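Structure first, then comments.
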Protein chains: 2
Amino acid sequence: MVNTDDAHSEGDAGQGTDGDRRTQLVDAAVDHVAAHGIADLSLRRLGAAIGVSHRMLIHYFGSKEQLLIEIVRTSERRQRDLLSRLRLEPGLSPADVARRLWQQLTDPRLAGQERLFFEVCGQALRGRPEAAPVLEGLVTDWLEPLVVAEVGAGADPAVARNRARLGLATVRGLLLDLLATGDRAGVDAAMEEFLRLFYGSK
Amino acid sequence: MVNTDDAHSEGDAGQGTDGDRRTQLVDAAVDHVAAHGIADLSLRRLGAAIGVSHRMLIHYFGSKEQLLIEIVRTSERRQRDLLSRLRLEPGLSPADVARRLWQQLTDPRLAGQERLFFEVCGQALRGRPEAAPVLEGLVTDWLEPLVVAEVGAGADPAVARNRARLGLATVRGLLLDLLATGDRAGVDAAMEEFLRLFYGSK
DNA sequence: TGGCCCATGTACCGATTGGTACACTCGCGA
DNA sequence: TCGCGAGTGTACCAATCGGTACATGGGCCA
């Protein structure tokens with residue numbers, strides 16, 4: 001009658017034996033999902049892949065739904081960390097910063113993570129509840145720092161927002177192109193063309 | 001012992017009582033999928049939605065796999081038809097043609113179809129076999145006409161390809177933005193900014 | 001009119017799913 | 001030393017899945 005497997009009310013900071021295990025599991029899950037996709041994920045296969053029984057996944061996360069939510073959230077956080085790790089550079093031109101960011105974003109080691117991003121986007125556009133939160137921050141979360149950068153580079157605040165939005169969209173479009181075609185050189189050339197138009201050099 | 005439900009070897013042109021029914025079913029299926037997503041589609045639910053038993057879907061398409069392939073193919077064809085229906089215009093400037101295309105592409109009535117596009121992309125990047133063919137034509141199929149347009153507008157053939165690739169990526173990035181945020185005005189403004197950069201007007 | 005075949009429905013099958021019940025182990029506090 | 005609770009595995013459940021076997025109906029041709 002009594003339910004021994006409830007609660008696990010995770011305060012955000014998860015230390016303690018329990019939170020550690022949770023964090024460890026969700027990290028392994030994100031790795032697996034980045035490599036094998038999230039759409040047809042099953043608790044049993046995931047468990048077998050990361051070395052626990054599907055029973056334990058339910059135990060720690062309460063339901064598959066909740067696990068997916070945490071996977072998506074963790075994946076988002078990883079992606080954002082990537083951006084923040086770049087910021088502090090000496091006196092590069094905006095175009096060089098953008099180029100640097102683009103190089104980092106297209107690192108082949110991140111391909112799985114990027115694919116996961118587009119996969120989750122697709123699911124989110126369909127209203128899958130665990131992926132839906134992504135849509136909120138998909139543009140706005142990335143727009144703010146870009147707008148700041150644009151204004152800092154001397155852009156008119158009125159057009160800075162449009163330029164930031166445009167830059168973000170172009171990067172994503174070219175990233176999708178790269179993942180689909182694998183044509184690194186072609187996509188890089190298109191990006192160079194964009195930077196020329198966007199920052200007016202050459 | 002004998003299997004009465006085999007073959008249905010569809011020659012591409014499907015006329016005859018049989019091909020008609022097939023076409024009718026796949027059309028209805030695409031409508032349903034554009035509205036409700038393709039990821040968690042089940043033959044039973046689809047059948048119930050379009051008024052046949054799941055048995056008949058297997059009968060006409062042989063397997064779920066094959067049905068999904070035809071759904072994806074039909075959806076692609078619809079999207080391409082949209083482009084070809086626009087071509088013949090009198091003497092508009094390239095920027096105006098692009099603007100017109102953008103307006104048509106962002107028609108709210110096409111939102112379901114666009115969402116399906118991104119959903120299928122996400123699946124295809126994961127190697128789902130029925131969606132994989134999309135990746136082939138995802139860039140190249142659209143690039144050719146755009147390159148032709150660029151060259152026709154006087155662009156250097158060497159950069160025309162880069163410009164076409166860039167334009168395609170930007171349109172897709174902004175379309176994803178629009179679907180995610182619904183901020184029509186903001187996305188349109190970003191597109192105007194792009195057209196200004198791209199065609200140099202203003 | 002009679003027979004045949006295509007279309008369709010119903011009932012079923014084995015596999016897989018998310019989730020649960022229960023037994024077991026093991027380390028720590030009294 | 002005892003016991004108790006957290007962590008874990010095994011076995012199971014109902015639901016749903018794609019796919020199949022078989023029965024039936026209804027129109028076309030001889």
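All values reported here derive from a predicted model rather than from experimental measurement. In what follows, chains are A, B, ... by sequence order, proteins preceding strands, each numbered from 1.
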Could you pick out which residue, A/R44 or A/S53, lies toward the 5' side of DNA chain D when each is mapped onto its nearest nucleotide?
A/S53
B/H54 side-chain proximity, nearest of C/dT20, D/dG19, C/dT17:
D/dG19
Over how many whole Å does the gap from A/I58 atom CD1 to D/dA11 atom P extend?
19 Å
Short N-O contact, A/E119 and A/R115, less than 4.0 angstrom:
no
Mind checking if A/L57 touches a base, just sugar-phosphate, or nothing, with heavy atoms under 4.0 Å?
nothing
Would you call A/R100 and A/D96 a salt bridge, using N to O less than 4.0 angstrom?
no
When you measure from the side-chain N and O atoms of A/R45 to the phosphate of C/dT17, is any distance below 4.0 Å, counting only OP1 and OP2?
yes
Round to a whole Å and report the spacing from CZ of A/R22 to P of D/dG7.
12 Å
Distance, rounded to the nearest Å, where B/H59 contributes NE2 and C/dC6 contributes C1':
7 Å
Rounded distance (nearest 0.5 Å) linking atom NE2 of B/H32 with atom CD1 of B/I38
11.0 Å
Whole angstrom value for the distance that separates P of D/dG18 from CG of B/D40:
11 Å
Would you kindly give the CG-to-C1' distance between A/L43 and C/dT20, to the nearest whole Å?
13 Å
Spacing between B/L25 atom CG and C/dT8 atom C1', to the nearest angstrom
12 Å
Could you state the CG-P distance from A/L46 to C/dT17, rounded to the nearest angstrom?
12 Å
At under 4.0 Å, does any side-chain N or O of B/S42 touch on OP1 or OP2 of D/dC17?
yes
Hey, does A/L67 reach any base, or is it just sugar-phosphate, or nothing, if we go heavy atoms under 4.0 Å?
nothing
Please determine whether a side-chain nitrogen of the Lys or Arg among A/D31 and A/R78 lies less than 4.0 Å from a carboxylate oxygen of the Asp or Glu.
yes
Whole-Å distance separating the CE atom of B/M56 from the P atom of C/dC6
13 Å
Considering just the side-chain nitrogens and oxygens of A/R55, establish if one lies under 4.0 Å of OP1 or OP2 belonging to C/dA21.
no
Check ion pair A/D183-B/R165 (N to O, under 4.0 angstrom)
yes
